[in-house]
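Below is one structure; the comments refer to it alone.
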Amino acid sequence: MDRYSIINDKRKREIVLLRGRGCAYKRCAFCDYHLDFSPSDDDNFALNAEVLSNVTGEYGELEVINSGSVFELDCRTLDLIKSICRDKGITVIHFEVHYIYKDRLAELRREFDGFTLKFKLGLETFDYDLRERVLLKGIKDSDPVVIANGFDEANFLLGISGQTEQSMLNDIKLGLNSFERICVNIMCDNSTAVKPDRAVIDLFRARVYPIYKDHPRVDILLNNTDFGVGE
């Protein structure tokens with residue numbers, strides 16, 4: 001598994017895929033990403049230290065992702081992130097966080113005093129019925145202002161049954177109104193029961209992608225299996 005990459009398009013940054021104790025939520029119907037975990041903090045730290053040794057500080061920004069939320073990384077890994085970022089002149093750090101941790105964002109900002117933290121929420125869609133009855137995201141709030149509070153960025157999942165051209169456009173427009181930037185992920189086949197809908201993906205490519213492919217605040221991952229590679 002490739003756990004380090006450099007993004008040279010749009011928002012230039014380095015990105016690392018670390019490993020933690022595992023997602024505390026684990027109920028998203030479309031996700032098997034949580035299988036990348038170990039209950040051993042020692043094993044996780046050894047792996048994470050090796051991955052983080054690749055960081056150069058080239059762009060002054062680092063994105064840290066793991067199979068869940070930053071709060072599931074061990075303390076030594078968090079300390080090492082801080083140390084490496086200081087040494088390499090990195091001032092901006094991006095972390096992914098599930099909504100269940102929304103009340104702990106300020107705590108981590110204090111812990112990383114001196115850095116600018118950007119928290120990315122796995123929202124997937126503003127469509128409440130699709131998000132909570134199909135995708136099972138566990139975000140019971142529906143007001144975009146409430147949902148976005150404390151978060152800087154958000155992931156959206158497109159290319160699944162039930163989505164239309166208008167619903168995809170609505171998600172992106174509302175996402176740009178609610179967050180500093182968004183990442184559009186196109187559903188890829190995995191071991192879950194939620195499968196990509198080829199007709200919806202074709203619709204996205206034909207009608208939505210051309211509008212936002214060059215938007216500076218929109219990252220688009222047409223193939224989620226290509227770690228760190230966006231268009």
Side-chain angles (χ1 to χ4, degrees), residues 1-19 30-31 33 36 48 50-67 69-70 81 84-85 87-97 115-126 148 151-160 163 165 168-190 196 198 200-231:
M1 182 183 293
D2 188 6
R3 292 183 179 269
Y4 170 83
S5 187
I6 300 176
I7 308 300
N8 293 303
D9 184 38
K10 293 185 181 178
R11 176 171 52 85
K12 294 177 171 58
R13 66 209 185 272
E14 293 174 273
I15 181 169
V16 290
L17 172 59
L18 303 184
R19 192 177 69 190
F30 60 92
C31 179
Y33 190 23
D36 180 38
N48 295 339
E50 180 180 355
V51 175
L52 288 165
S53 69
N54 293 289
V55 173
T56 68
E58 178 178 358
Y59 292 127
E61 289 199 30
L62 177 66
E63 182 168 355
V64 177
I65 60 178
N66 59 290
S67 56
S69 301
V70 59
I81 291 171
I84 288 176
C85 286
D87 291 345
K88 302 297 183 180
I90 294 171
T91 59
V92 180
I93 309 173
H94 304 255
F95 288 124
E96 290 193 347
V97 183
F115 297 99
T116 298
L117 298 193
K118 300 293 185 181
F119 290 121
K120 181 186 286 186
L121 170 67
L123 178 59
E124 318 313 343
T125 179
F126 280 107
F151 292 96
D152 308 285
E153 306 169 346
N155 282 319
F156 288 85
L157 183 64
L158 304 183
I160 53 180
Q163 291 177 321
E165 176 184 350
M168 290 187 283
L169 288 171
N170 286 344
D171 268 338
I172 294 175
K173 290 176 182 176
L174 193 50
L176 288 172
N177 286 337
S178 304
F179 301 96
E180 292 179 11
R181 68 182 303 113
I182 63 173
C183 182
V184 174
N185 300 278
I186 302 305
M187 182 68 195
C188 292
D189 195 22
N190 59 26
R198 178 49 55 184
V200 176
I201 294 174
D202 289 345
L203 184 62
F204 170 83
R205 287 179 176 269
R207 305 288 296 176
V208 181
Y209 178 69
I211 299 174
Y212 290 103
K213 66 184 180 68
D214 296 320
H215 195 293
R217 293 170 52 215
V218 180
D219 296 319
I220 300 176
L221 301 185
L222 294 174
N223 187 345
N224 287 330
T225 62
D226 293 336
F227 168 64
V229 179
E231 292 191 29

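Numbers for residues simply follow the sequence, beginning at 1.
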Report the residues that fulfil salt bridge (Lys or Arg N to Asp or Glu O under 4.0 Å) with E50, sequence neighbours left out, ordered by chain and then residue number.
none
Report the residues that fulfil side-chain hydrogen bond (donor to acceptor under 3.5 Å, both in side chains) with N54, sequence neighbours left out, ordered by chain and then residue number.
none
For F126, give me all partners under ring pair (Phe, Tyr, Trp, His ring centres under 6.0 Å), at least two apart in sequence or on another chain.
F156
Residues in salt bridge (Lys or Arg N to Asp or Glu O under 4.0 Å) contact with E180, at least two apart in sequence or another chain:
K118
Validation row: I81, L52 side chains within 4.5 angstrom (heavy atoms):
yes
I'd like to check I172 versus Y212 (side-chain heavy atoms, cut-off strictly below 4.5 Å). Are they in contact?
yes
OG (S5) and CG (L17) are apart, to the nearest 0.5 Å, by 10.5 Å
Run the salt bridge (Lys or Arg N to Asp or Glu O under 4.0 Å) test against E96 and tell me which residues pass, sequence neighbours left out.
none
V208 versus L169: any side-chain heavy-atom pair under 4.5 Å?
yes
Heavy-atom closest contact (S178 atom, A148 atom, distance):
O-CB, 3.6 Å
Excluding sequence neighbours, so at least two apart, what forms side-chain hydrogen bond (donor to acceptor under 3.5 Å, both in side chains) with N48?
T77
Under the side-chain contact (heavy atoms from CB on, under 4.5 Å) rule, collect the residues that match up with N190, sequence neighbours excluded.
D32, M187, T192
Going from CG on N170 to CE on M168, what distance comes out if it is rounded to the nearest 0.5 angstrom?
10.5 Å
Testing N155, L174, D171, V218 for side chain to side chain contact (heavy atoms under 4.5 Å, CB included) with I182, which one passes?
V218
Got a sec, which residues hit side-chain hydrogen bond (donor to acceptor under 3.5 Å, both in side chains) with T56, two or more places apart in sequence or on another chain?
E14
Are I93 and T116 side-chain neighbours, meaning at least one heavy-atom pair lies under 4.5 Å?
no
Counting distance only, does the side-chain N/O of N66 pair as donor-acceptor with the main-chain N or O of S69 below 3.5 Å?
yes
Apply the test side-chain contact (heavy atoms from CB on, under 4.5 Å) to residues L157 and T125: give CA-CA distance (whole Å), side-chain angles for both, the deciding distance (0.1 Å), then the verdict.
CA-CA 7 Å; L157 183 64; T125 179; over 6 Å; no
Sorted by chain and number, sequence neighbours left out, ring pair (Phe, Tyr, Trp, His ring centres under 6.0 Å) with F204 holds for none
Nearest heavy-atom contact between I90 and L62 is CG2-N, 3.9 Å
Run the salt bridge (Lys or Arg N to Asp or Glu O under 4.0 Å) check on D36 and R3 step by step: do they pass?
CA-CA 12 Å; D36 180 38; R3 292 183 179 269; 2.8 Å; yes
Correct closest heavy-atom pair for F179 and L123 would be CE1-CD2, 4.2 Å
Between atom CZ of F119 and atom CZ of F151, what is the distance when rounded to the nearest 0.5 Å?
8.5 Å
For E153, enumerate each residue passing the side-chain hydrogen bond (donor to acceptor under 3.5 Å, both in side chains) test, keeping only those at least two apart in sequence or located in another chain.
H94
Take I65 and L18 through the test side-chain contact (heavy atoms from CB on, under 4.5 Å) and record every step on the way to the result.
CA-CA 6 Å; I65 60 178; L18 303 184; over 6 Å; no
Can you check whether P196 reaches I160 side chain to side chain, under 4.5 Å on heavy atoms?
no
So, the side chain of N185 versus the backbone of L221: is there a donor-acceptor pair under 3.5 Å, distance only?
no
To the nearest 0.5 angstrom, please state how far the CG atom of D219 sits from the SG atom of C183.
5.0 Å
Value for CG (L117) from CZ (F95), rounded to nearest 0.5 Å, stands at 6.0 Å
Considering all heavy atoms of both residues, which atom of V184 and which atom of L158 are nearest to each other, and what is their separation?
CG1-CD1, 3.5 Å
Could you pull out the closest heavy-atom pair between K10 and K213, with the gap in Å?
NZ-O, 2.8 Å
Partners meeting salt bridge (Lys or Arg N to Asp or Glu O under 4.0 Å) with R207 (sequence neighbours left out):
E165
Partners passing side-chain contact (heavy atoms from CB on, under 4.5 Å) against N177 (at least two apart in sequence or in another chain):
none
Look up atom CG in L222 and atom CD1 in I220, then write down how far apart they are to the nearest 0.5 Å.
6.5 Å
For L176, is there any backbone N or O sitting under 3.5 Å from a side-chain donor or acceptor partner on R217?
yes
Given the rule in the side-chain contact (heavy atoms from CB on, under 4.5 Å) test, do F30 and E124 qualify, once you have shown the distances and angles that lead to the verdict?
CA-CA 10 Å; F30 60 92; E124 318 313 343; 3.6 Å; yes
Does any part of the side chain of L203, heavy atoms only, come nearer than 4.5 Å to the side chain of Y209, both counted from C-beta?
no
Is any side-chain N of the basic residue among K120 and E63 closer than 4.0 Å to the acidic one's carboxylate O?
yes
